[in-house]
Every structure is written in C-alpha cells, then in structure tokens.
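Right, one structure below, let's go through it.
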There are 2 protein chains.
Amino acid sequence: MPGKTDLSRLNCSLARALGAVGDWWTLLIVRDAMFGVKRFSDFQHSLGIARNILSSRLARLIEADILARQGTEARPLYVLTAKGRALLPALVALMQWGDAWQSDGKPPVVVTDTAGRAIKPLGVRSPSGASLDSAGVRFAPGPGADKRTRAFFKARDVADSD
Amino acid sequence: MPGKTDLSRLNCSLARALGAVGDWWTLLIVRDAMFGVKRFSDFQHSLGIARNILSSRLARLIEADILARQGTEARPLYVLTAKGRALLPALVALMQWGDAWQSDGKPPVVVTDTAGRAIKPLGVRSPSGASLDSAGVRFAPGPGADKRTRAFFKARDVADSD
DNA sequence: GTCGCAAAGTTTCATTTTGAAACTTATCGA
DNA sequence: TCGATAAGTTTCAAAATGAAACTTTGCGAC
C-alpha cells in the first residue's frame, strides 16, 4: 500500500515539480551539481549520503531530464541539463529562506554574480516590479485548471470572509 | 539505522531549509495554507493525503514555527506564521519551474498581484538588477562557512578546469 | 435534551523506503 | 602487474508511508 503517492492527480505545477524534486536528497544533489560536483564519489562524499540512495536518486534525476550522464560509461560525469539549471531560482530562494529563518545569521554559502557581488534576495514581483509579500499575492485558476481546481478556488473566495 | 539523516552536519542553509520543508507533503501543505486552507479536513480533502501523515506533518510544521494553531482546541485553524509566509518565493519559484518544465503549457494555477496581474517569473538578480542564469552565478564560502565548506569550494576552484 | 453527522485526529497493519555497511567489478596509475 | 579507487549493487533491519478502521468530541437540527 505505501509507496510514493501519485501526485499527478493534483492539478498543480507545484505538485508536478515536487514529483521530480520533492525529496531532500534530490535537491541537495542538484545543489551540489550547481556547485560543480560531477562524480558519483564526490556527491557521495560531500553529502554523506548512502550509496544506494545516491544511485537511485541520480537515476531518477536522469530519468526526469534534470541531470545527464557524460564522460565514459565507467567514469560518468553527472551534469545539469537546461531543465536542471532552471531550478536555480527555487534553490536559491530556499537557501535564502534557510539563511533568514533557520540559521545563526551567518550564511555558510553566498551566492554572487561573476564579479563577486552578492545577489539580491529573490522575491515575488508584480508586473511593475513592485515586491510582493504573501498578502499582496492572489492565486487563481489558470488555463490548465480542471473542474476540481476551479471549485477549490471558488470555495476559497467564499471562505475568504472567514 | 534508517530514518531521516541528520542534515545539520551539512554546513548549508539549503540543508537547514530542507530539514524543515524537504518533503513533498510539507511543501504541499504550505501551498494549501498559502491558498487559505486552514482546517485539517480541508487539507486532507484537497491533498488526498493519509490522515496520519497529515497529522504528523502539521505537528512538524508547528514545531518548526512555520504554521501556528489558532481557533479552538477542538476545531483548530492552521495558519502560516511570518516564517511560513516567507516561503512564498521558494514555493512560487518551484511552481514556475513546474509550469515551464513539467507541464503541458497550461498552468493550472496563476499567481497574480491584488489587481489580478500575473506576477513576473522569479529570477536570480545581480545587485544592479540584471537577471542571472546559472552560468552567471557563483557560489562561495560565506561568513558562516566551516573548514569543510571552505575546503569544498577551494577544491571546486581547482576542479573548474575540468 | 437527544441524535446524527462531521471534524479531528489516533491506531493498526502491511508495504515501501531508507541508511549503514559489506560486497563486486572495472579502471587507472605507479 | 598490482593496488587503490571509482562506481556502483546487495543485504539487512529500522523507519516511514499510506489505506482504512476506529475513537472522541463538537455542532446543529429537531
């Protein structure tokens, strides 16, 4: 009975994203790949992850087209695809949240541009560029919303007077 | 032997963040809380999650100060704290990645400002505001980096000529 | 006040996943 | 050629998961 629930029944891009990267080892592997790690044993050493788990996760990341194998068959290099590299904002946003809320105030890792200047905090922005917090944001059914999603948000509109 | 690895040995804010929100149910619960869901049974219905798992995750989110219980003891409301709301950029970034790479091109959920205008894609930005992709970004030891982290990045500098 | 239904969990049970560590095979460099 | 390392695979036992039954409490209708 147990095993990973099939999240595809949830009509939601977040669920789809999490189907691919919704466990911590996967995101940590992507992090290390962003840092330039490429070899099995280097991932294993830097993460302290069990080798069977690493092997399984690498296979999944390849299956999901987030990582690709290069180099030789016997000495593979695992490199991010464009799809994998596109996870950078999410990864950095999570790091910044960790810096802000789960730390002692001193970030262990800084993210900079190529000139070494620290990047800005990621934020949600309106079309005019204004920074939005959760109070300034709305969620609504989009073009791919199914009936259930639409009903859900309709119910939310009603419930907003809670 | 098994059980969740203690990620605190990893000197990294991402790992710290993932210690709190590194499983898919947790992030999906936070998503629903962002959407305005507050009641146990509403979370359970919208997510289709097993009730014991939901109960366990809600408790963890409260322990981590991401959610707080309000309302009555018998009829609690689960609401995001400031710390929880600060996960918005990460959540939206993951959603946008899912929209871009794990979908059929039609987002089921759109994120807008209060005037209903779709927000911009989140991105990593330099201090001058320029958008950076993974090639334009560097990672370096920060003020909280330990010896291992510094050695790791030093090794990366050497390995960059791979 | 009573009753029925729903809410908010808790418990049970069996399967799957995880993590430690041993094991295996192939490759590379001395 | 040999030894060390890389890249996994396998084994085993504990932990986590998910389905579903069960329990207790509260609320609203009558």
Side-chain angles (χ1 to χ4, degrees), chain A residues 1-10 15 18-29 32-33 36-64 67-79 155 159 162, chain B residues 1-10 15 18-29 32-33 36-64 67-79 155 159 162:
Chain A
M1 291 303 177
K4 286 295 187 182
T5 301
D6 180 15
L7 291 183
S8 58
R9 74 190 172 201
L10 297 180
L18 295 175
V21 300
D23 74 286
W24 69 24
W25 286 130
T26 300
L27 281 168
L28 287 166
I29 290 163
D32 274 14
V37 177
K38 293 186 169 82
R39 293 194 184 278
F40 187 99
S41 57
D42 290 341
F43 283 111
Q44 202 273 320
H45 288 140
S46 70
L47 294 169
I49 183 176
R51 282 188 277 275
N52 57 334
I53 303 303
L54 176 58
S55 179
S56 162
R57 293 297 191 282
L58 287 173
R60 283 197 215 161
L61 282 162
I62 284 163
E63 178 66 33
L67 282 184
R69 268 171 77 115
Q70 288 174 7
T72 64
E73 191 62 34
R75 294 293 154 104
L77 299 172
Y78 294 93
V79 301
D162 251 22
Chain B
M1 292 301 179
K4 286 296 189 182
T5 302
D6 179 16
L7 290 183
S8 57
R9 73 191 174 203
L10 297 180
L18 294 175
V21 299
D23 74 287
W24 68 25
W25 286 130
T26 301
L27 280 169
L28 286 166
I29 290 164
D32 273 15
V37 177
K38 293 184 170 86
R39 292 194 185 278
F40 187 100
S41 58
D42 290 342
F43 284 111
Q44 201 274 321
H45 286 141
S46 71
L47 294 170
I49 182 174
R51 280 189 279 275
N52 57 335
I53 304 302
L54 176 58
S55 181
S56 163
R57 293 297 190 282
L58 288 171
R60 282 196 213 158
L61 282 162
I62 285 163
E63 179 66 32
L67 283 182
R69 268 171 76 115
Q70 288 175 7
T72 63
E73 192 61 35
R75 294 293 155 104
L77 299 171
Y78 295 93
V79 302
D162 249 23

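Just so it is clear: chains get the letters A, B, ... in the order the sequence lines come, proteins before strands, and each one is counted from 1.
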Discussion item. Assess the residue pair Trp25(A) and Leu7(B) against the criterion (side chain to side chain contact (heavy atoms under 4.5 Å, CB included)); give the C-alpha distance rounded to whole Å, side-chain angles, the decisive distance to 0.1 Å, and a yes or no.
Written reply: CA-CA 10 Å; Trp25(A) 286 130; Leu7(B) 290 183; 4.0 Å; yes

Over how many whole Å does the gap from [X] atom [atom1] to [N] atom [atom2] extend?
X        : N       : atom1 : atom2 : value
Lys38(B) : dA8(C)  : NZ    : P     : 13 Å
Trp24(B) : dT17(D) : CH2   : C1'   : 11 Å
Phe40(B) : dA6(C)  : CZ    : P     : 17 Å
Gln44(B) : dG18(D) : CD    : C1'   : 11 Å
Arg60(A) : dT18(C) : CZ    : C1'   : 11 Å
Arg9(A)  : dG18(D) : CZ    : P     : 9 Å
Leu54(B) : dA7(C)  : CG    : C1'   : 12 Å
Leu28(A) : dT18(C) : CG    : P     : 14 Å

Quick one: is [N] close enough that its OP1 or OP2 comes under 4.0 Å of any side-chain N or O from [X]?
X        : N       : result
Arg69(B) : dG9(C)  : yes
Arg39(A) : dA7(D)  : yes
Tyr78(A) : dG8(D)  : yes
Arg75(A) : dG8(D)  : no
Trp25(A) : dG19(C) : yes
Arg51(B) : dC22(D) : no

Item to complete: Identify, between Asp42(B) and Ile49(A), the residue whose nearest nucleotide on DNA chain C lies closer to the 5' end.
Response: Asp42(B)

Worksheet item: Which sits closer to the 5' end of DNA chain C, Ile53(A) or Ala74(A), going by the nucleotide each is nearest to?
Response: Ile53(A)

Discussion item. As an exercise, state the distance from CG of Leu27(B) to CG of Leu61(B), rounded to the nearest 0.5 Å.
Written reply: 9.0 Å

Worksheet item: Atom CZ of Arg57(B) and atom CD1 of Ile49(B): how far apart are they, to the nearest 0.5 Å?
Response: 6.5 Å

Discussion item. Of the options dT9(D), dA21(D), dT27(C), whose atoms approach the side-chain atoms of Ser55(A) most closely?
Written reply: dT9(D)

Worksheet, complete the sentence: Of the candidates dA8(C), dT18(C), dA7(D), the side chain of Pro76(A) sits closest to dA7(D)

Practice prompt. List the steps, then state whether side chain to side chain donor-acceptor pair (under 3.5 Å) holds for Tyr78(B) with Arg39(B).
Written response: CA-CA 6 Å; Tyr78(B) 295 93; Arg39(B) 292 194 185 278; over 6 Å; no

Fill in: Validation row: Thr5(A), Ile53(B) side chains within 4.5 angstrom (heavy atoms)
no

Discussion item. If we ignore hydrogens and angles and just use 3.5 Å, is the side chain of Arg60(B) paired with the main-chain N or O of Ala64(B) as donor and acceptor?
Written reply: no

Item to complete: Tell me what Thr5(A) touches on the nucleic acid: a base, only sugar-phosphate, or nothing, going by heavy atoms under 4.0 Å.
Response: sugar-phosphate

Worksheet item: Counting any heavy atom closer than 4.0 Å, what does Thr72(A) reach on the DNA or RNA strands: base, sugar-phosphate only, or nothing?
Response: nothing

Fill in: Donor-acceptor pair present, Asn52(B) side chain and dG18(D) base, under 3.5 Å
yes

